[in-house]
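Here the structure comes first, spelled out in structure tokens, and everything after it is commentary.
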Amino acid sequence: MKPGMVPPQPAEENQTSLLPPGWQSYLSPQGRRYYVNTTTNETTWERPNGSPRTPSSPGTQRNFQPATVNGYHSSGTPVHQSEPVHMSLRKPTGDLQNPGSPSPGKKQSKESTITINCVTFPHPDTMPEQQLLKPTEWSYCDYFWADKKDPQGNGTVAGFEILLQKQLKGKQMQKEMSEFIRERIKIEEEYAKNLAKLSQNSLAAQEEGSLGEAWAQVKKSLADEAEVHLKFSSKLHSEVEKPLMNFRENFKKDMKKCDHHIADLRKQLASRYASVEKARKALTERQKDLEMKTQQLEIKLSNKTEEDIKKARRKSTQAGDDLMRCVDLYNQAQSKWFEEMVTTTLELERLEVERVEMIRQHLCQYTQLRHETDMFNQSTVEPVDQLLRKVDPAKDRELWVKEHKTGDIRPVDMEI
């Protein structure tokens with residue numbers, strides 16, 4: 001479940017309907033209209049394609065990416081909200097009973113919003129289902145706003161923490177893949193060493209004739225194959241293992257910085273929420289005091305009582321102003337947290353896609369090198385095949401006899 005959506009004002013519906021394809025219009029938590037391209041995740045305060053712009057405060061117009069959409073998808077029963085990442089923004093709603101309200105004077109139904117872990121959400125029973133930022137993509141920015149029960153204990157794990165752990169796990173898997181390739185390289189190197197050693201073996205070195213030539217080529221092919229495997233192991237190191245090991249060397253450090261940044265924003269939000277609760281309690285006490293003094297006035301009319309009522313009224317008004325100020329600061333903190341969450345989750349999503357694609361490319365390089373090695377290995381035995389096809393025992397015998405013959409006169413019977 002995500003923070004509550006504020007639907008566009010009726011007067012602005014026509015502008016929204018004329019937006020270019022792929023663009024949608026939303027309200028920020030401060031009530032300011034902005035535009036989101038749901039295809040590219042671009043977010044801007046300016047109306048796209050030079051169409052009439054929505055009025056904005058001087059000096060505050062800017063572009064920021066990725067998108068911070070003014071709407072959230074509510075799914076299921078609310079759970080503790082903590083550390084969500086990139087996500088669509090929706091304006092928190094509420095009244096003095098809920099920090100998400102901009103003014104204590106406009107009361108909403110108490111059940112229209114719910115505050116969980118210092119974050120204000122629309123109540124699932126009173127708000128329609130909220131629009132997803134990327135409805136068909138199962139994006140990180142839509143599904144990690146709530147906490148999840150920790151399977152290792154009785155606590156909960158923030159949605160942002162789950163995404164962060166996935167990133168760190170991905171980095172660890174990448175490291176282990178690199179180590180796996182390193183072991184593969186060691187096997188290749190050892191295999192090449194053994195092949196080279198075997199090629200120097202003198203066994204059957206005295207074989208003669210065409211068969212002897214074929215046998216000598218068999219031994220030479222082992223030396224050639226050893227060279228092929230050495231080159232294969234070298235390329236595995238430079239083109240697969242090393243890139244896997246060095247990709248995002250400082251990734252873990254960067255993720256910790258990201259974690260601390262989001263955690264600091266969440267702590268600030270919690271502090272603002274505590275201030276709202278404190279101000280609300282003070283207002284309640286001032287209102288009770290004013291009510292009590294008003295009842296006293298009905299019983300006994302005196303100048304002192306009237307002065308007390310005026311004083312109590314001033315204090316009650318001041319308490320209301322303080323509450324409004326605290327609510328405004330809370331909304332600002334929540335808006336900042338939402339924006340950073342959206343930005344960070346979409347960035348984590350981009351990094352994960354980049355990591356997977358990088359590993360895929362290098363594993364493809366591994367298979368390509370493997371095919372090349374097989375091809376080169378085949379080429380080392382082709383000369384052996386050619387010589388084996390030329391083995392001719394009759395010819396070998398002829399050549400050997402000519403070289404080693406002792407005479408062609410045969411013995412005859414002895415005469416008496």
Side-chain angles (χ1 to χ4, degrees), residues 2 39-41 65-68 73 75 79-88 132-153 155-186 235-266 337-370:
K2 307 173 187 177
T39 302
T40 65
N41 296 331
Q65 290 189 355
T68 53
H73 175 67
S75 58
V79 286
H80 292 309
Q81 173 68 20
S82 142
E83 310 286 345
V85 194
H86 301 284
M87 169 127 182
S88 48
L132 296 174
L133 175 61
K134 296 183 175 182
T136 61
E137 298 184 28
W138 291 93
S139 174
Y140 291 169
C141 64
D142 285 316
Y143 296 100
F144 290 90
W145 288 94
D147 291 356
K148 185 177 182 180
K149 186 175 180 181
D150 186 359
Q152 305 297 329
T156 58
V157 180
F160 178 77
E161 183 66 21
I162 293 174
L163 289 175
L164 189 64
Q165 290 303 318
K166 175 176 175 55
Q167 295 293 316
L168 295 177
K169 181 180 178 181
K171 176 64 176 177
Q172 179 62 27
M173 294 302 99
Q174 176 182 313
K175 179 181 177 182
E176 292 180 10
M177 289 179 187
S178 178
E179 294 172 352
F180 180 90
I181 298 298
R182 172 73 269 191
E183 292 301 314
R184 182 72 173 88
I185 292 172
K186 289 180 180 179
K235 288 187 176 181
L236 279 181
H237 172 69
S238 62
E239 300 179 20
V240 181
E241 179 206 7
K242 191 173 180 180
L244 284 175
M245 181 63 73
N246 295 337
F247 184 66
R248 295 183 188 156
E249 288 183 340
N250 298 321
F251 183 74
K252 188 172 183 179
K253 184 178 180 181
D254 293 340
M255 286 299 97
K256 285 185 177 180
K257 288 182 180 179
C258 179
D259 187 18
H260 292 160
H261 177 60
I262 295 296
D264 289 343
L265 290 175
R266 193 59 187 273
W337 176 68
F338 285 160
E339 290 181 9
E340 292 299 322
M341 288 285 287
V342 171
T343 301
T344 308
T345 31
L346 290 179
E347 177 64 12
L348 291 180
E349 186 174 299
R350 184 191 68 79
L351 290 175
E352 176 64 7
V353 171
E354 185 182 67
R355 183 190 73 88
V356 171
E357 179 60 21
M358 184 278 298
I359 292 177
R360 186 194 69 82
Q361 290 178 0
H362 285 90
L363 292 182
C364 285
Q365 180 64 13
Y366 167 80
T367 59
Q368 178 63 27
L369 292 173
R370 186 70 178 82

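Here the closest non-hydrogen pair linking Lys166 and Tyr140 is CE-OH, 3.0 Å. Scanning all heavy atoms of the two residues, the minimum distance from Pro243 to Ser238 falls at CD-O, 3.5 Å. Closest approach of Ile162 to Phe144, counting heavy atoms only: CG2-CE2, 3.9 Å. Across all non-hydrogen atoms, the minimal contact from Tyr366 to Arg184 is OH-NE, 3.2 Å.
Salt-bridge check for Glu179 with Arg182: failed, with every basic side-chain N at 4.0 Å or more from each acidic carboxylate O. Taking a cutoff of 4.0 Å between a charged side-chain nitrogen and a carboxylate oxygen, Arg248 and Glu354 qualify as a salt bridge. Between Glu241 and Lys235 no salt bridge is recorded (no basic side-chain N to carboxylate O distance below 4.0 Å).
More than 12 heavy-atom neighbours from other residues, nucleotides or ligands sit within 6.0 angstrom of NZ on Lys171.
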- Task: Please step through side-chain contact (heavy atoms from CB on, under 4.5 Å) for the pair Lys148 and Glu161, ending with a clear verdict.
- Result: CA-CA 10 Å; Lys148 185 177 182 180; Glu161 183 66 21; over 6 Å; no
- Message: Using side-chain contact (heavy atoms from CB on, under 4.5 Å), reason through Ile181 and Val240 one step at a time and then give a plain yes or no.
- Response: CA-CA 8 Å; Ile181 298 298; Val240 181; 3.9 Å; yes
- Message: Run the side-chain contact (heavy atoms from CB on, under 4.5 Å) test on Lys186 and Glu183 for me, step by step, so that the C-alpha distance in whole Å, both residues' side-chain angles and the decisive distance to 0.1 Å come before the verdict.
- Response: CA-CA 5 Å; Lys186 289 180 180 179; Glu183 292 301 314; 3.6 Å; yes
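For Asn250, the side chain to side chain contact (heavy atoms under 4.5 Å, CB included) partners are Asp254, not counting sequence neighbours. Every residue meeting the side chain to side chain donor-acceptor pair (under 3.5 Å) condition with Glu357, not counting sequence neighbours, appears here in chain and number order: Arg360, Gln361.
Atom CD in Glu349 sits 6.0 Å away from atom SG in Cys141 (nearest 0.5 Å). The line from NZ of Lys169 to CD of Gln167 is 12.5 Å long, rounded to the nearest 0.5 Å. Here Lys175 contributes atom NZ and Lys252 contributes atom NZ; the two are 8.5 Å apart, rounded to the nearest 0.5 Å. Between atom CG of residue Leu351 and atom SG of residue Cys258 there is a gap of 9.0 Å, rounded to the nearest 0.5 Å.
Glu340 and His261 share a side-chain donor-acceptor pair at under 3.5 Å.
For Arg266 (side chain) and Trp337 (main-chain N/O), no donor-acceptor pair under 3.5 Å exists by modelled atom type.
At a threshold of 4.5 Å between non-hydrogen side-chain atoms, the residues Asp142 and Glu137 do not count as touching. Between Arg355 and Ile359, some side-chain heavy-atom pair lies under the 4.5 Å cut-off. Using a 4.5 Å cut-off on side-chain heavy atoms (C-beta onward), Thr156 and Asp150 make no contact. Looking at Lys242 and Met245, their side chains never come closer than 4.5 Å, going by heavy atoms from C-beta outward. Inter-residue side-chain proximity for Leu164 and Lys256 is flagged as unmet; no heavy-atom pair is nearer than 4.5 Å. Taking 4.5 Å as the limit, some side-chain heavy atom of Glu347 sits within range of a side-chain heavy atom of Arg350.
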